[in-house]
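For reference, the structure discussed in these notes is given below.
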Amino acid sequence: MLKRTHTCGQPRLADAGKTIALNGWVNTYRDQGRGLLFVDIRDRDGLCQVVFNLEHASPELVQQAKALRREDVIGVRGILRLRSGEPNHKLATGEVELAAEELEIFNKAENPPILPDDHDAEKINEEIRLKYRYIDLRRPRMQHILRTRSKVTKLARDYFAANGFAEVETPLLIKSTPEGARDFIVPARLHQGMWYALPQSPQLFKQILMVAGFDRYIQICKCLRDEDPRADRQAEFSQIDLEMSFVEREDVMTMMGGFAHAVWHDILGYDIGEIAQMTWQEAMDRFGIDRPDLRNPLEIREITDIVAGSEFQVFQQAIEKTRAGRAGCVKAIRVPGGAEKLTRKMTDGYTEFVKQFKAGGVAVAKFTAAGFETGIAKHLDPFKDALVARLALEAGDSVLIVADHWDTATKAFGELRLKVGRDLGLVNESAWRFLWVIDFPMFDWDEDGQRWVAMHHPFTSPNPDQFHLLESEPGKCLSAGYDLVVNGSEIAGGSIRIHRMDVQEKVFKLIGLTKEDADAKFGFLLSALRHGAPPHGGIAFGLDRLLMHLVGTDNIRDVIAFPKTQSGGDLMIDAPGPIDEQQILDCGMKVTLLEKKS
RNA sequence: GGGGUGGUAGCUCAAUUGGUUAGAGUUCCGGCUUGUCACGCCGGUGGUUGCGGGUUCGAGUCCCGUCCGCCUCGCCA
């Protein structure tokens with residue numbers, strides 16, 4: 001085998017005169033005629049031009065070189081030299097070329113369905129790219145992304161090892177749990193009729209590792225949730241998962257903040273500085289979402305108190321609504337300069353936009369020196385002074401208003417705020433805005449189930465000053481949870497956990513788990529908590545989403561080597577697929593598909 | 001489960017109101033070409049219009065069903 005002396009991106013002018021050898025793929029070939037043939041050879045770190053001077057070559061070499069085609073895998077040996085023609089400044093190796101004397105064709109390639117070219121890739125159907133992933137991954141962009149991913153995981157292991165963390169693997173075949181996402185399930189051959197579940201996270205195992213005295217644990221692990229994917233969500237995804245003993249909220253946040261600092265510093269050369277903090281309530285009130293994008297300057301203001309006396313039916317009806325113990329509300333966004341920037345077509349579109357979040361629509365008015373104009377101006381005029389003060393209105397602004405249930409108005413406006421910000425170009429796309437969101441409620445009221453559900457997960461502890469509310473006013477009890485948000489995207493989330501059995505039992509009871517259920521599902525946890533559980537807490541970093549930010553993509557499939565489609569398929573291996581009947585029988589089962597409801 | 005959108009040559013796209021033999025660029029194949037680098041020039045191959053029905057003298061185009069990709073609501077403790 002003709003083995004390389006350099007990778008394809010390495011040769012430089014300083015190496016000129018040396019005999020070197022390269023291994024790689026034929027990126028392009030440019031046949032100049034009887035005597036001259038250029039081949040760009042590509043490997044993981046770049047391109048190098050190879051030139052064949054065919055007049056002085058053996059007939060075998062001429063024949064082989066002439067037959068080279070894209071994606072053939074070759075080895076070339078020859079003398080590296082300064083290019084005779086103009087240098088190519090687009091290539092790191094652009095000043096030199098390899099004058100080929102020896103060529104070994106390791107493998108001829110069939111005419112490739114797609115070419116691993118970043119220039120083309122943007123246009124190619126992702127479906128084709130996923131089917132031929134082994135070609136798509138040859139692209140410099142994809143190589144860069146997956147190598148960045150590798151750098152991040154190495155950085156995580158180094159950083160946390162230096163801070164006393166031990167990497168421990170937790171099992172993939174575990175038990176289904178009632179709360180949370182749908183589990184992927186696996187039949188248990190040795191216990192016919194029983195099922196394993198694949199983990200949604202190593203949550204309980206890492207807590208038990210704390211009980212087991214490991215003090216500080218980390219794992220870079222796969223988590224699986226059988227829910228529908230999105231552009232930034234896959235059923236199978238990766239976490240940098242950690243847990244610490246003898247800590248309070250701030251200790252975990254400092255540790256994880258330090259890691260975020262190291263990542264942005266080492267990968268992007270960017271100093272993220274001090275990470276700001278905001279309570280969940282403030283985030284919801286000002287931004288309508290628990291992961292505010294602080295690059296967007298628009299803010300939401302509640303004006304329910306101001307317009308409470310309004311005759312306007314829309315306001316009246318909204319305020320009279322109640323749900324989940326919260327009164328309806330009227331909220332407003334001031335859009336600076338909106339009188340000119342927001343067209344009728346845009347604002348009509350906003351009404352359509354918020355309907356997908358169940359809101360009735362968006363009311364609009366312009367504000368000028370003379371007062372409110374257009375839209376619902378006459379319903380706002382009576383409250384002009386108070387509204388100007390609350391919203392800091394200036395002439396030329398527009399006001400967008402949503403009146404509805406609190407949760408509906410909050411959600412709709414939270415999403416609309418992002419859309420308006422994008423539409424008007426108010427978001428500085430190049431900025432990094434980090435934020436810790438803290439003081440989440442412990443529980444959400446579930447109208448359908450008529451019960452409390454854990455907002456984070458049921459092992460989250462109340463904040464130290466909140467324990468007295470746990471039973472008396474669970475809806476007001478705040479948790480010791482924390483989410484790390486960057487540019488409106490949640491990249492990490494965690495909490496201080498409950499380490500006392502009596503507290504854990506109370507929470508289980510509150511979310512409607514009977515003692516029998518709790519024992520059946522989580523008896524091992526309760527037992528562990530009885531046998532010397534230290535105060536502990538942890539956090540998990542979403543590795544895929546982290547990478548999306550670092551490499552600048554809004555498609556999670558770009559940062560996963562072999563991702564799945566929205567229907568959970570792998571287009572390369574054509575999964576999922578059928579299995580042999582014997583495999584099913586081995587599990588003591590037979591399969592009967594139910595009729596699809598029409 | 002719902003909403004939206006797309007599927008035509010290996011790839012990226014076009015095809016007027018339902019109307020001739022479904023075109024173009026690129027890849028690929030052949031020829032030419034000694035300094036190209038998205039090489040260039042000439043010629044050629046290449047089609048189950050996702051799949052299955054239907055309407056029609058005639059369907060890429062209209063209708064019904066179905067599969068697949070993407071975006072999204074629900075969902076994602």
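We name chains A, B, ... by the order of the sequence lines, and we start the count at 1 in each one.
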With a non-hydrogen cut-off below 4.0 angstrom, is [X] in contact with a base, only sugar-phosphate, or nothing?
{"X": "A/Ile128", "result": "sugar-phosphate"}
{"X": "A/Gln566", "result": "base"}
{"X": "A/Arg545", "result": "nothing"}
{"X": "A/Gln200", "result": "nothing"}
{"X": "A/Phe357", "result": "sugar-phosphate"}

message = Determine whether A/Trp452 and A/Trp445 satisfy the following criterion, side chain to side chain contact (heavy atoms under 4.5 Å, CB included), listing intermediate values before the conclusion.
response = CA-CA 5 Å; A/Trp452 294 105; A/Trp445 181 253; 3.6 Å; yes
Rounding to a whole Å, what distance do you find between [X]:[atom1] and [N]:[atom2]?
{"X": "A/Ile124", "N": "B/U27", "atom1": "CD1", "atom2": "C1'", "result": "11 Å"}
{"X": "A/Asp120", "N": "B/G25", "atom1": "CG", "atom2": "P", "result": "17 Å"}
{"X": "A/Arg422", "N": "B/C71", "atom1": "CZ", "atom2": "C1'", "result": "12 Å"}
{"X": "A/Lys419", "N": "B/U72", "atom1": "NZ", "atom2": "P", "result": "13 Å"}
{"X": "A/Lys123", "N": "B/C70", "atom1": "NZ", "atom2": "P", "result": "21 Å"}
{"X": "A/Glu352", "N": "B/C73", "atom1": "CD", "atom2": "P", "result": "16 Å"}
{"X": "A/Lys131", "N": "B/G10", "atom1": "NZ", "atom2": "C1'", "result": "11 Å"}
{"X": "A/Asn88", "N": "B/G35", "atom1": "CG", "atom2": "C1'", "result": "12 Å"}

Could you work out the separation of [N] and [M] based on their [atom1] atoms and round it to a whole Å?
{"N": "B/G65", "M": "B/U5", "atom1": "P", "result": "16 Å"}
{"N": "B/G50", "M": "B/A59", "atom1": "P", "result": "15 Å"}
{"N": "B/C62", "M": "B/U49", "atom1": "P", "result": "16 Å"}
{"N": "B/G25", "M": "B/U36", "atom1": "P", "result": "25 Å"}
{"N": "B/A14", "M": "B/G30", "atom1": "C1'", "result": "28 Å"}
{"N": "B/C70", "M": "B/C37", "atom1": "C1'", "result": "35 Å"}
{"N": "B/U34", "M": "B/G40", "atom1": "C1'", "result": "13 Å"}
{"N": "B/U33", "M": "B/C42", "atom1": "C1'", "result": "11 Å"}

[N]: pairing nucleotide in any strand, Watson-Crick or G-U under 3.5 angstrom:
{"N": "B/C75", "result": "none"}
{"N": "B/C11", "result": "B/G25"}
{"N": "B/G69", "result": "B/U5"}

Under 3.5 Å, is there any donor-acceptor pair linking the side chain of [X] to the base of [N]?
{"X": "A/Glu86", "N": "B/G35", "value": "no"}
{"X": "A/Gln49", "N": "B/U36", "value": "yes"}
{"X": "A/Arg225", "N": "B/C75", "value": "no"}
{"X": "A/Arg233", "N": "B/C75", "value": "yes"}
{"X": "A/Ser84", "N": "B/G35", "value": "yes"}

Between the side chain of [X] and the main-chain N/O of [Y], is any donor-acceptor distance below 3.5 Å?
{"X": "A/Glu71", "Y": "A/Trp25", "result": "no"}
{"X": "A/Gln10", "Y": "A/Thr7", "result": "yes"}
{"X": "A/Lys108", "Y": "A/Ala67", "result": "yes"}

inquiry  = Applying side chain to side chain contact (heavy atoms under 4.5 Å, CB included) to A/Ser461 and A/His499, what does each step give before you reach the verdict?
reply    = CA-CA 8 Å; A/Ser461 172; A/His499 68 278; over 6 Å; no
To the side chain of [X], which of [options] is closest?
{"X": "A/Phe38", "options": "B/G35, B/U12, B/G74", "answer": "B/G35"}
{"X": "A/Ser567", "options": "B/G1, B/G35, B/C68", "answer": "B/C68"}
{"X": "A/Pro113", "options": "B/G10, B/C70, B/U36", "answer": "B/G10"}
{"X": "A/Lys90", "options": "B/G10, B/A38, B/C70", "answer": "B/A38"}
{"X": "A/Arg69", "options": "B/U27, B/C29, B/C73", "answer": "B/C29"}
{"X": "A/Asn111", "options": "B/U33, B/U72, B/U27", "answer": "B/U27"}

Will you find, in the side chains of [X] and [Y], an N or O donor that is under 3.5 Å from an N or O acceptor?
{"X": "A/Thr28", "Y": "A/Asp40", "result": "yes"}
{"X": "A/Arg30", "Y": "A/Gln49", "result": "yes"}
{"X": "A/Arg70", "Y": "A/Tyr29", "result": "no"}
{"X": "A/Asn463", "Y": "A/Asp439", "result": "yes"}

Axial cation check for A/Phe508 ring with A/Lys515, 6.0 Å and 45° limits = no
remark   = Protein heavy-atom contacts under 4.0 Å, written 5' to 3' over nucleotides 39-46 of chain B as B (base), S (sugar-phosphate only) or - (none), form the string B-------
May I ask you to evaluate whether [X] reaches the phosphate of [N], defined as a side-chain N or O under 4.0 Å from OP1 or OP2?
{"X": "A/Arg34", "N": "B/U33", "answer": "yes"}
{"X": "A/Arg129", "N": "B/C11", "answer": "no"}
{"X": "A/Asn125", "N": "B/U12", "answer": "yes"}

message = Which is more 5' along RNA chain B, the nucleotide nearest A/Glu55 or the one nearest A/Gly94? Just name the residue.
response = A/Glu55
request  = Establish, yes or no, whether a centroid distance under 6.0 Å links the rings of A/Phe357 and A/Phe413.
outcome  = no
